[in-house]
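The shown structure was predicted, so the numbers you read here are calculated from the model rather than taken from an experiment.
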Amino acid sequence: MNTSEKGDMELIASDAYSGIDNYEASVIQDSKSLNKFYGRINQTRKPGLPVPQVDFSKNVLLVMCLGKQKGETTPLLTKTEEENNILITIELSDKTSSLEAENSLMSYPFYIYKLQHTSKEVSIQKSGF
């Protein structure tokens, strides 16, 4: 088993407001699904965020919407490769103290990571939130 922190995962887009109230994580493997996701997050934006250009023959995308968050949080990703699948574990790092969190703005952040295309099944597991 080979475990690496982020490894070949590259953050290609993120924003503090997705408009999505609950935690969601998924793997996007085609342009149509990516455009549909951006349609959701751009519903309340004028102008909308630009859709990243991705070569889906070489890459897949990991999309995480963290839902309602208080204060500044950052996802910590750990990738574990096994024979037939890849497990990506998501944990949240909380950068704000409890006093700061009480006075913090609410956010609904999303993150998009690019991974190399694989024939293995990609599973996503959240930990600690």
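- Contact of the P75 side chain with the Y113 side chain is registered, since non-hydrogen atoms from C-beta on lie closer than 4.5 Å.
- Residues K120 and E83 come closest through the heavy atom pair CE-O, 3.5 Å.
- Across S127 and T89, no two heavy atoms sit closer than the pair CB-CG2, 3.9 Å.
- Hydrophobic clustering, with ILVMFWY side chains joined whenever heavy atoms are under 4.5 angstrom apart, groups V54 together with I112.
- The minimum heavy-atom distance between Q116 and V60, with the atom names listed, is O-CG2, 4.2 Å.
- Rounded to the nearest 0.5 angstrom, D21 CG and C65 SG are separated by 10.5 Å.
- The same ILVMFWY cluster, assembled from side-chain heavy atoms under 4.5 Å apart, contains both M64 and I88.
- The shortest side-chain heavy-atom distance between F110 and L66 does not fall under the 4.5 Å cut-off.
- Judged by distance alone, the side chain of N59 and the main-chain N or O of L115 form a donor-acceptor pair under 3.5 Å.
- Between E24 and K126, no side-chain nitrogen of the basic residue sits less than 4.0 Å from a carboxylate oxygen of the acidic one, so the salt-bridge criterion is not met.
- Contact check for D30 versus S33: side-chain heavy atoms found under the 4.5 Å cut-off.
- Side chains of I86 and E121 form no contact here, defined as non-hydrogen atoms less than 4.5 Å apart.
- Counting heavy atoms from C-beta outward, I28 and F56 have side chains that approach closer than 4.5 Å.
- In this structure, the separation between NZ on K70 and OG on S107 is 11.5 Å, given to the nearest 0.5 Å.
- Linking ILVMFWY side-chain heavy atoms closer than 4.5 Å, directly or via other members, places L77 and V27 in a single hydrophobic cluster.
- For the pair N42 (side chain) and L49 (backbone), a donor-acceptor distance under 3.5 Å is present.
- At least one side-chain heavy atom of P52 sits under 4.5 Å from a side-chain heavy atom of Y38.
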Taking it one step at a time, do D15 and R45 satisfy salt bridge (charged side-chain N to carboxylate O under 4.0 Å, His left out)?
CA-CA 12 Å; D15 195 83; R45 296 176 190 268; 2.9 Å; yes
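- Closest approach of G67 and P109 over heavy atoms only: O-CD, 3.6 Å.
- Linking ILVMFWY side-chain heavy atoms closer than 4.5 Å, directly or via other members, places Y108 and Y23 in two distinct hydrophobic clusters.
- With K58 contributing its side chain and H117 its backbone, the two residues share no donor-acceptor pair below 3.5 Å.
- To the nearest 0.5 Å, atoms OG (S18) and CD (Q43) are separated by 11.0 Å.
- I20 places a side-chain heavy atom less than 4.5 Å from the side chain of R40.
- A 6.0 Å sphere centred on NZ of K36 holds no more than 12 heavy atoms belonging to other residues, nucleotides or ligands.
- One hydrophobic cluster, built from ILVMFWY side chains closer than 4.5 Å, cannot hold both L87 and I90; they sit in different ones.
- Between atom CG of residue L34 and atom CD of residue Q29 there is a gap of 12.5 Å, rounded to the nearest 0.5 Å.
- Summarising the geometry, atom CG belonging to L61 is positioned 10.0 Å from atom CZ belonging to F37; distances are rounded to the nearest 0.5 Å.
- Under the 4.0 Å criterion applied to side-chain N and carboxylate O atoms, K114 and D8 are not assigned as salt-bridge partners.
- Interatomic distance, OH of Y17 versus OG1 of T44, reported as 4.0 Å (0.5 Å rounding).
- Counting heavy atoms from C-beta on, the side chains of K79 and M9 come closer than 4.5 Å.
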